[in-house]
There are 2 protein chains.
Amino acid sequence: MAYITYPAAGDAKTPANPAANQLSLRGSFAEFGAKAQVFGAHDVIFYEGDPAKRLYELAQGTVMLFKLLPDGRRQVVEVLRPGDIFGLANQNEHECTAETLTGAHVHEIDLKQIEGSPDLQRKLTKCLMAQMQVLHEHAVLLGRKSAVERVASFLMYLVPERGGVGCPGPSDEENDGYDLHLTMTRQEIADYLGLTIETVSRVVSDLKRRGIIRIDRADRIHLTKVCRLCQMTGIH
Amino acid sequence: MAYITYPAAGDAKTPANPAANQLSLRGSFAEFGAKAQVFGAHDVIFYEGDPAKRLYELAQGTVMLFKLLPDGRRQVVEVLRPGDIFGLANQNEHECTAETLTGAHVHEIDLKQIEGSPDLQRKLTKCLMAQMQVLHEHAVLLGRKSAVERVASFLMYLVPERGGVGCPGPSDEENDGYDLHLTMTRQEIADYLGLTIETVSRVVSDLKRRGIIRIDRADRIHLTKVCRLCQMTGIH
DNA sequence: CGAATTTCTTGATTTAAATCAGGCCTCTAC
DNA sequence: GTAGAGGCCTGATTTAAATCAAGAAATTCG
């Protein structure tokens with residue numbers, strides 16, 4: 001269950017957890033009296049259909065947004081990282097569910113407050129522009145990429161400063177490596193990539209067999225050949 | 001080719017075409033000295049990779065945004081309608097190509113000008129929120145819907161005030177009808193829905209055979225049973 | 001107008017991924 | 001330690017959509 005704190009007004013700048021404080025500097029909402037909330041892993045922040053009144057900024061952790069079809073099919077539409085803003089609703093209801101993948105710190109703020117501040121407006125616009133770009137790239141993935149390309153793109157997305165787009169120069173060919181921690185289960189990855197859990201599992205096994213990745217624990221993946229993987233994303 | 005006009009400053013409020021003038025009232029950029037541009041059908045407004053300096057507001061017509069993979073695969077990521085804003089770039093380059101589907105009137109404005117106006121900021125935020133919601137729905141379509149559900153959703157999207165979401169009440173079951181004009185070719189529809197042209201053609205033929213739609217010219221479709229079609233979108 | 005080009009449709013076949021089904025780890029709890 | 005549960009992997013089979021391959025409409029153009 002969610003462990004939610006509502007600090008006294010003006011207290012948001014000094015949360016109990018120093019790490020959260022450090023990370024919340026990434027955004028600027030906390031300085032405007034935003035409520036700070038702490039969630040555990042796999043907590044729901046809001047459900048599709050819930051009344052939408054506020055905006056959320058992820059300060060720490062990972063959150064996914066997903067939509068469900070009546071028959072149970074699920075599509076994860078966004079995977080959010082610290083600094084991302086979510087919970088915007090065109091109408092009065094949330095159009096997707098927000099669920100944490102890890103423990104998470106979230107700042108909550110009223111849209112009206114943002115509208116009053118040109119600085120926050122600018123920040124919001126910049127954030128939405130970046131998210132829109134990610135959504136466009138994800139549309140390409142879902143609409144036009146093969147299963148292998150989807151998984152390769154997903155893994156590259158987890159490499160900081162690469163985001164599945166950039167490719168290392170010729171200097172670090174073949175034997176460059178990178179360790180990454182998976183916060184998503186195979187089912188969540190499948191629902192993000194528009195695949196089944198079996199297909200994700202098979203593709204990952206195949207990458208392992210080909211020596212492109214190495215796996216000890218299911219949630220820890222070592223990318224043995226980042227460059228090779230990058231070339232499998234369909235972008236190059 | 002594009003027929004581009006750059007009216008003298010302050011002239012944007014009075015374009016030659018009265019229809020354009022009427023429609024431009026939908027937005028508010030024209031009042032802030034935005035450049036007005038007129039494009040023909042199938043003109044490129046900007047290419048993926050072009051330097052991005054300005055923002056565009058569609059005043060009249062239809063525009064699509066698409067991305068290409070190096071091997072030629074294409075994904076149409078958005079289909080824009082009057083009032084929509086596009087051309088936002090996180091970095092300094094456009095991340096997708098903008099091409100008109102019909103003749104179109106476009107207002108061009110500097111992001112800096114918007115940042116100076118709280119009213120425009122609000123409008124921009126509202127517009128981005130709405131577009132993001134459409135992108136989320138489209139991710140569900142691309143990631144989780146069957147070919148029939150995709151085509152049904154697409155057709156419903158073209159019914160004003162429905163947008164593939166709402167369904168008419170039980171009063172207008174079966175024999176409600178709606179005429180719509182397709183501004184996209186089968187190939188463009190396929191690239192929007194993440195299908196091949198053949199699959200789109202087959203699904204459309206099948207809907208015709210089942211009496212759900214009627215087609216005389218390839219670009220004019222009469223929806224014979226809007227309600228039935230709505231039930232085929234996967235949403236109900 | 002008729003030729004040429006493009007767009008659309010339809011059929012036959014292939015294939016990538018889904019589905020169906022079972023077994024194997026890994027962690028937790030007792 | 002053993003039992004149970006959930007997550008993960010793998011194999012066999014099916015299937016929806018892609019691909020391959022012609023034709024048939026439209027549309028453009030000389």
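All chains are named by letter (A, B, ...) in the order of the sequence lines, taking the proteins before the strands, and each is independently numbered beginning at 1. Keep in mind it's a predicted model, so treat the numbers as computed, not measured.
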- Message: Let's go through B/Thr224 and B/Ile212 carefully: what are the C-alpha distance in whole Å and the side-chain angles of both, what is the deciding distance for side chain to side chain contact (heavy atoms under 4.5 Å, CB included) to 0.1 Å, and is it a yes or a no?
- Response: CA-CA 5 Å; B/Thr224 319; B/Ile212 292 162; 5.9 Å; no
- Item | Pairs where residues 62-80 of chain B contributes a residue and the test salt bridge (Lys or Arg N to Asp or Glu O under 4.0 Å) is met, not counting sequence neighbours | A/Glu149-B/Arg73, B/Lys67-B/Glu95, B/Asp71-B/Arg73, B/Arg74-B/Asp191
- Task: May I ask you to evaluate whether B/Ser205 reaches the phosphate of C/dT10, defined as a side-chain N or O under 4.0 Å from OP1 or OP2?
- Result: yes
- Going through the checks in order, is the side chain to side chain contact (heavy atoms under 4.5 Å, CB included) test met by B/Ile45 and B/Phe86? CA-CA 11 Å; B/Ile45 299 173; B/Phe86 62 104; 3.9 Å; yes
- Looking only at heavy atoms, the pair that brings B/Ala139 and A/Leu142 closest together is O-CD1, 3.6 Å
For atom [atom1] of [X] and atom [atom2] of [N], their distance in whole Å:
{"X": "B/Asp206", "N": "C/dT9", "atom1": "CG", "atom2": "P", "answer": "13 Å"}
{"X": "A/Lys208", "N": "C/dC25", "atom1": "NZ", "atom2": "P", "answer": "11 Å"}
{"X": "B/Ile197", "N": "C/dT9", "atom1": "CD1", "atom2": "C1'", "answer": "9 Å"}
{"X": "B/Arg186", "N": "C/dT6", "atom1": "CZ", "atom2": "C1'", "answer": "14 Å"}
{"X": "B/Arg217", "N": "C/dT9", "atom1": "CZ", "atom2": "C1'", "answer": "18 Å"}
{"X": "B/His42", "N": "D/dT27", "atom1": "NE2", "atom2": "P", "answer": "12 Å"}
{"X": "B/Ile215", "N": "C/dT7", "atom1": "CD1", "atom2": "P", "answer": "17 Å"}
{"X": "A/Arg220", "N": "D/dC8", "atom1": "CZ", "atom2": "C1'", "answer": "18 Å"}

- Message: Let me check the geometry of the helix from C/dC1-D/dG30 to C/dC30-D/dG1. What is the bend angle between the axes at its two ends, five pairs each, to 10°?
- Response: 40°
- Taking side chain to side chain donor-acceptor pair (under 3.5 Å) as the test, write out the residues that go with B/Arg54, two or more places apart. B/Glu108
- Message: Using a 4.0 Å heavy-atom cut-off to protein, can you give one letter per nucleotide of nucleotides 12-26 of chain D, 5' to 3': B if the base is in contact, S if only the sugar-phosphate is, - if neither?
- Response: B----SSBB------
- Query: For A/Thr102, what residues pass the side chain to side chain contact (heavy atoms under 4.5 Å, CB included) criterion, not counting sequence neighbours?
  - Reply: A/Thr62, A/Thr183
- Item | By side chain to side chain contact (heavy atoms under 4.5 Å, CB included) - contacts of A/Ala89 (at least two apart) | A/Ala52
- Of the options A/Asp179, A/Leu207, A/Leu158, A/Ile213, which is the one that meets A/Ile221 in a side-chain contact (heavy atoms from CB on, under 4.5 Å)? A/Ile213
- Carboxylate-amine/guanidinium contact A/Asp206 A/Arg202, below 4.0 Å: no
